[in-house]
Protein chains: 2
Amino acid sequence: MPGRAPNKRRLGVDERRAELLELGLELFAAASYETLSIDAIARAAGISKGLLYHYFPSKRDYYTATVRLAADRLLNATLEATESDELPPLELLQRGLSAYLDFVERHGQTYATLLRTGIGTDPEILTVIEGTRDAFVDRLAERLGLGHEGQGPLLRLALRGWVGFVEVTSLSWLSENTISREVLAELMSETLVATLSAASLKSPQVTDLLTPDSSIE
Amino acid sequence: MPGRAPNKRRLGVDERRAELLELGLELFAAASYETLSIDAIARAAGISKGLLYHYFPSKRDYYTATVRLAADRLLNATLEATESDELPPLELLQRGLSAYLDFVERHGQTYATLLRTGIGTDPEILTVIEGTRDAFVDRLAERLGLGHEGQGPLLRLALRGWVGFVEVTSLSWLSENTISREVLAELMSETLVATLSAASLKSPQVTDLLTPDSSIE
DNA sequence: GCAACTATTGAACATCAGTCAATAAGCCTC
DNA sequence: GAGGCTTATTGACTGATGTTCAATAGTTGC
C-alpha cells in the first residue's frame with residue numbers, strides 16, 4: 001500500500017468518510033471531474049478502489065457529497081455570523097457579507113468547486129446549488145424582517161437574483177482581485193437594497209432597510 | 001441503418017455538422033452528460049459512432065461545441081435587437097432585455113443547457129460561459145455609453161454581477177413562471193441602474209441613464 | 001484465544017469512449 | 001455508362017475507466 005499511512009490500517013466509518021470528503025474537495029477543485037479517475041482518487045487517499053465504493057455508491061455520488069459539503073460549510077459560516085437578534089437588519093447584512101467574503105477568501109477552492117460551471121446538467125448537483133440559493137433567500141427574508149408581510153414571488157425572485165449577483169462577483173473577485181473587499185461588500189449591499197426597492201416593497205421593515213446609505217467613493 | 005432517413009445516405013460536411021449540433025442541443029438538455037452515451041447519440045442521429053468522431057474529436061468537444069452554439073445564439077439574438085444608434089441608452093436596454101427574455105421563453109432548453117450547473121469544473125466550458133458574460137459586459141458598457149470614461153474594475157464587476165442576476169432570475173423564471181415578463185424585465189433594468197449608481201459613476205452618460213424611473217407597482 | 005462483525009482488498013467484470021482499416025457514396029471526366 | 005478519385009461512413013475492435021464481489025484482515029468483546 002504505497003500511499004497508506006502505516007498507522008491508518010483501518011479507520012472508523014465516520015473518520016474515513018470525513019477524510020475522503022476533505023480529499024474530494026481538494027481533488028475536484030484541482031482537476032476536472034472527467035480527468036480525475038477513481039484510480040487516482042484511491043491512490044491519493046491511500047486506499048483501494050473497492051473501499052471508495054464501500055463509502056460512496058458511485059463516482060458521481062462522491063462528487064455530489066463533496067459539493068454538498070462545500071454548500072453546508074458556506075451556509076454554516078454565514079449563519080454563525082448572523083445569529084444575533086439584537087442588531088438592525090443592515091448590520092446583520094454587513095456581518096453576513098463579511099462572513100461570506102471571509103469564506104470566499106479562505107476557502108476559494110471550495111467555493112469554486114461549489115459554483116463553477118462544469119460539464120452538462122446534473123439533477124443532483126442542481127439540487128444542491130439551487131437548495132443553497134433557496135437557503136440564502138429564506139435567511140435573507142427572515143433576517144431582513146421580510147418574513148411576515150410583503151413576501152411574494154417578486155421578492156423571492158429579487159433576492160434570488162441578488163444571490164446570483166453575489167456569486168458571480170465573488171467568483172470574479174476570487175480570480176481577479178481588482179477591487180478591495182470593502183468596496184465589493186458595499187456594492188453587494190447597495191445592490192440588495194436597490195433591488196428590493198425596485199421590487200417595491202413598502203412594509204415598515206423594508207422602509208427602514210432602505211434608509212439611504214452614502215455612495216461608494 | 002435503423003434510425004437513418006433513406007434520403008440521407010451521405011451529407012455534406014457543413015450540413016451534417018449543423019445537424020449534429022442541433023441534435024446535441026436537444027440531447028444534452030434532456031439528459032445528464034454522463035448518462036448520455038456516445039452510442040445513444042449516434043443512434044439518435046441515425047449514424048455510426050465513428051462518424052460522430054469524424055466530426056468531433058471527443059464527446060467533450062461535441063458538448064463544448066453545443067454550448068458554444070447556445071452562447072452564440074443568445075449573443076446574436078440580443079445583438080440584433082440593440083444595434084440602433086438612434087435610441088437612448090435606457091431604450092436600448094429595454095430592447096436588449098426584451099430580446100433576452102424572448103430567447104429564454106422560446107429557447108428555454110438551449111438557455112438551460114448554456115447556464116445550468118453540471119458535474120465538475122471544465123476549463124473549456126468555463127471559457128464559454130465567462131466569455132459570454134464578458135461579451136455582455138462589453139456590450140452593456142458600450143451601449144450605455146460607458147465605454148469611454150468612468151470605466152474601471154468596479155464598473156465591470158457591477159455589470160458582471162448584474163449579468164449573474166439576470167441569469168439566475170431568468171433560470172428561475174423559466175422553471176417557475178410566477179411573475180409576468182414585464183415585471184421581470186423592469187426588475188432587471190432597475191437593478192442595473194441601481195448597481196451602477198452604487199458603483200458611483202458620475203459621468204454625464206450615467207447621470208442621464210440614472211434618471212429616476214417609477215417603481216414597479 | 002476464539003467468534004463475530006465489518007473495514008479493506010485487488011482481481012475480474014461491464015461499460016463506454018475512442019480508433020481505424022475497409023467500404024460505399026458522390027462527383028467528375030472520358 | 002464506366003472508371004477514378006475523394007471522402008463520408010461504417011462497425012468491429014481496443015483500452016481505459018467505473019463498478020462488483022468473494023476473500024482477507026483488523027478490531028472488539030467474551
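Throughout, protein chains are lettered first and strands after them, A, B, ... in sequence-line order, and every chain is numbered starting at 1.
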_Worked check of side chain to side chain contact (heavy atoms under 4.5 Å, CB included) between A:V104 and A:R181_ = CA-CA 11 Å; A:V104 173; A:R181 184 181 142 144; over 6 Å; no

What is the distance from [atom1] of [X] to [atom2] of [N], rounded to the nearest Å?
| X | N | atom1 | atom2 | value |
| --- | --- | --- | --- | --- |
| A:K59 | D:dA16 | NZ | C1' | 12 Å |
| B:I41 | D:dT9 | CD1 | P | 17 Å |
| B:R60 | C:dG18 | CZ | P | 10 Å |
| B:L51 | D:dT7 | CG | P | 15 Å |
| A:D39 | C:dA11 | CG | C1' | 13 Å |
| A:I38 | C:dA17 | CD1 | C1' | 17 Å |
| A:Y63 | D:dG18 | OH | C1' | 18 Å |
| B:R10 | C:dT23 | CZ | P | 16 Å |

*asked:* Does A:Y55 reach a base, just sugar-phosphate, or nothing at all? Heavy atoms under 4.0 Å.
replied: sugar-phosphate

Is the shortest side-chain N/O distance from [X] to OP1 or OP2 of [N] below 4.0 Å?
| X | N | value |
| --- | --- | --- |
| A:H54 | C:dT8 | no |
| B:R16 | D:dT9 | yes |
| B:Y53 | C:dT19 | no |

*Apply the test ring pair (Phe, Tyr, Trp, His ring centres under 6.0 Å) to residues A:Y33 and B:Y33: give CA-CA distance (whole Å), side-chain angles for both, the deciding distance (0.1 Å), then the verdict.*
CA-CA 12 Å; A:Y33 179 83; B:Y33 179 83; 9.3 Å; no

*Worked verdict on B:T35 versus B:S32 for side-chain hydrogen bond (donor to acceptor under 3.5 Å, both in side chains)*: CA-CA 5 Å; B:T35 57; B:S32 71; 2.8 Å; yes

*5'-most contact on DNA chain D: B:L52 or A:S37, nearest heavy atom basis?*
B:L52

*Below 3.5 Å, does any donor atom in the side chain of B:K49 face an acceptor in the base of C:dG18, or the other way round?*
yes

*Charged N-O contact under 4.0 Å between A:E142 and A:R139*: no

*Kindly point out which of D:dT9, C:dT8, D:dT19 is positioned nearest to the side chain of A:S58?*
D:dT19

*asked:* Within 45 degrees of the ring normal and closer than 6.0 Å to the centroid, is that where the cationic atom of B:K59 sits relative to B:Y53?
replied: no

